[in-house]
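The structure appears right after this line, and notes come after that.
Hydrogens, waters and symmetry mates play no part in the numbers below; they use all other heavy atoms, side chains included. Letters A, B, ... mirror the listed sequences (proteins, then strands); counts begin at 1.
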There are 2 protein chains.
Amino acid sequence: MVSLKDISARCGVSVATVSKALNGHKDVSEATRERLIRTAREMGYFPNAQARALKTNRTYNLGVMFLDEAGRGLTHEFFAKVLNSFKTEAELAGYDITFISNKDIGGRHMSTYEHCKYRSVDGIVIACTDFTTPDVFEVINGDIPVVTIDHIFDCRTAIVSNNESGMEKLLNYAVDCGHKKIAYIQGKKSAVAEKRLAGFYKACVSRGIEVRPEWLLVGDYCNPDNTYQLTKKLLKGRELPTCIFMPDDYAAIGGLNAIKDGGLSVPDDISVVGYDGIAFSQLLSPRLTTYTQDTPRIGSTAARKLISLIENPQTTFTEVITVDGQFLEGGSVKKL
Amino acid sequence: MVSLKDISARCGVSVATVSKALNGHKDVSEATRERLIRTAREMGYFPNAQARALKTNRTYNLGVMFLDEAGRGLTHEFFAKVLNSFKTEAELAGYDITFISNKDIGGRHMSTYEHCKYRSVDGIVIACTDFTTPDVFEVINGDIPVVTIDHIFDCRTAIVSNNESGMEKLLNYAVDCGHKKIAYIQGKKSAVAEKRLAGFYKACVSRGIEVRPEWLLVGDYCNPDNTYQLTKKLLKGRELPTCIFMPDDYAAIGGLNAIKDGGLSVPDDISVVGYDGIAFSQLLSPRLTTYTQDTPRIGSTAARKLISLIENPQTTFTEVITVDGQFLEGGSVKKL
DNA sequence: AGAAGTATCTCAAACGTTTCCGTTAATAAA
DNA sequence: TTTATTAACGGAAACGTTTGAGATACTTCT
């Protein structure tokens, strides 16, 4: 690899001058700057990221902490999409992406935060299903810029999908379609689940819909089997709801199968509502009525905000940014 | 951050001794080694990855080059799963994962290979839908250890799914079920597509199945819309096949919808076969008959082999490792 | 006892940058 | 002409490691 020294030797100037020329410092003449830049290009020079990082304490590396308890990791379409756009946006600004987790290195266990320190990442984005782990707290309380996705911590910038109003929109639609007997299979306890539940309650109240305890089930996100069981349970009740809200689109498939196995059909006998707007949901027939999360915007906003926190620590301030999704009308809700 | 110097000061030995103690060199007494390791732990020491990399030219970072022309990136379940297990295996050995691509940095365009050099990754794993790009060639011809997935280059280690025998198994199954009139919607031209086609032909020949040109269509991987159109085309033909092989499970959904829209049902009127064994395929009803690629093994094998190439450049040799998948019987193929 | 070997540790250079400070020469101000 | 100012560049230390070559003391062999 060609280094600054090679360029300096070739051009008969000092290493310092080359460095300054390439980094746009003012104390180098236009003529030599141009010459140095040109030969740097000719010689195929690229700065050594390690050496630079060692001096500047800036790696231009962003740590991503994506953990879901189900262990689905990137298989989770929401995460995958967010990461995809996060990556694209970050790369535009010259940052690379490294996965961060807790692990063992050199026989010694390293927490996620220690891992970040070890790798000297400039910033961290956290998107987990569980934000209550010690690993998350350590990172939150550390001194590395952090952006969280779908969870709000004090004094940390957060990008959140508007789960509350998303759920409101879905419920309002169902009510508009004439549904009054509505069941809701929630996802597991989390900030997201709470927000959606809040939106559910709020809309029910405003539309005068009764929330029956036996129709309010706690299930799992992204767990079709679990949703299958819970849907079966609903179908065995003495009275059937006319519409079931599923934890998410993926889990909804389990619900749909339970309904089909029960000899009922969607949406004629029973209506179904999802959440997320994953690609598959629109390949089913009938297409799932759902709420599409704007994952590209969530990811790119997270990247931009994180980089802003890194590069302008004084002028930027922590904030909570809500990204709107979009209601997506499928055919899984019957108009009564 | 606490450095070697801090430990050396605290313990009254030289920095060199601390370094050697921590790295398990032989020329340091057991007593002092133990003492140094202990205080290092107490002080919360972690090596500075940049400094270490600068000296040793080893970053313990692995570059992943995951490109698909559809731009689905990690959304592609095959990639996501492979990456997941690759990452897990790599982390076990102390390696981290960085995404590598071509991009602009500091106003200058950087090829993927240059990007690798810039970041000094120790090794690269390539999994693309298109292996014929200049970016891939540059990496292949470079001097960084490389492992490719599902594509074979001379003198480079490759991990390949056994696409040929997988397809054979599927076709044999269909024939065993009594099918003779079989259509195949292929994926786009690629090593994978060729292997599967080869397996298709081979099995057809061995089982005495006629391959009709009008039933051999070239489509797209992971493109349900495209598959929908091509399936429609098949259904409009003067004679219907009794079984259709789809490019992959995801694309198969498009095919299933086309069949349903055509007023036919699966598997009663027409049978369908997928490929990949993605989660969704087993949530459909009927469950898709398909061939599950062993993504966990592909990913972990790729990681192990790559690390082996890095750490034992002399003893390891390039090889082609075939990872078997598994036939998965669903209900989408009718027994005639 | 002298030589040779071994165990343990230190010195110091090196990896490729960045950056503060100093130096020189040229220009502007007095 | 002298002094102050500025522009352009170089020297050198520093970031935190690793590592081969010495240095010292101790043991072992002949």
Euclidean distance, atom OH of residue A:Tyr118 to atom P of D:dC15 [Å, nearest integer]:
20 Å
A:Arg52 side chain N/O closer than 4.0 Å to the phosphate oxygens (OP1, OP2) of C:dG16?
no
Rounded to whole angstroms, how far apart are CD on B:Gln50 and P on D:dC15?
15 Å
Ordered by number, residues from residues 14-24 of chain A within less than 4.0 Å of DNA chain C (heavy atoms) are A:Val15, A:Ala16, A:Ser19, A:Lys20, A:Asn23
Atom CG of B:Asn57 and atom P of C:dG16 are separated, to the nearest Å, by 7 Å
Nearest-Å distance for atom pair OH/P, residues A:Tyr60 and C:dT18:
10 Å
Note, A:Pro134 side chain near A:Glu138 side chain (heavy atom, < 4.5 Å):
no
Decide yes or no on side-chain hydrogen bond (donor to acceptor under 3.5 Å, both in side chains) for A:Ser300 and A:Ser85, but give the supporting numbers first.
CA-CA 5 Å; A:Ser300 64; A:Ser85 64; 5.3 Å; no
Is NZ or CZ of B:Arg41 both nearer than 6.0 Å to the six-membered ring centre of B:Tyr45 and within 45° of the ring axis?
no
Any salt bridge between A:Glu30 and A:Arg33, counting N to O under 4.0 Å?
yes
Round to the nearest Å and state the distance from B:Lys5 atom NZ to D:dA14 atom C1'.
9 Å
Rounded to the nearest angstrom, tell me the gap between atom NZ in A:Lys117 and atom C1' in D:dC15.
15 Å
Which part of the nucleic acid, if any, lies within contact of B:Asp27, taking any heavy atom under 4.0 Å across all strands shown: a base, the sugar-phosphate backbone alone, or nothing?
base
Rounded to the nearest Å, what distance is computed from the CG atom of residue A:Leu4 to the C1' atom of nucleotide C:dT19?
13 Å
Hey, can you tell me if B:Tyr118 and B:His115 have their rings parallel, tilted or perpendicular (30° and 60° cut-offs)?
tilted
If you compare all heavy atoms of B:Ile144 against all heavy atoms of B:Cys116, which two are closest, and at what distance to 0.1 Å?
CD1-CB, 3.8 Å
Residue-phosphate contact under 4.0 Å: B:Tyr45 side-chain N/O, D:dT17 OP1/OP2:
yes
Within less than 4.0 Å of OP1 or OP2 of D:dC9, is there a side-chain N or O belonging to A:Ser29?
yes
Nearest whole angstrom, please: distance from the C1' of D:dG16 to the NZ of A:Lys55.
11 Å
Is the A:Phe137 ring parallel, tilted or perpendicular to the A:Phe153 ring (thresholds 30°, 60°)?
perpendicular
Below 4.0 Å: OP1/OP2 of C:dC9 and any side-chain N or O of B:Thr32
yes
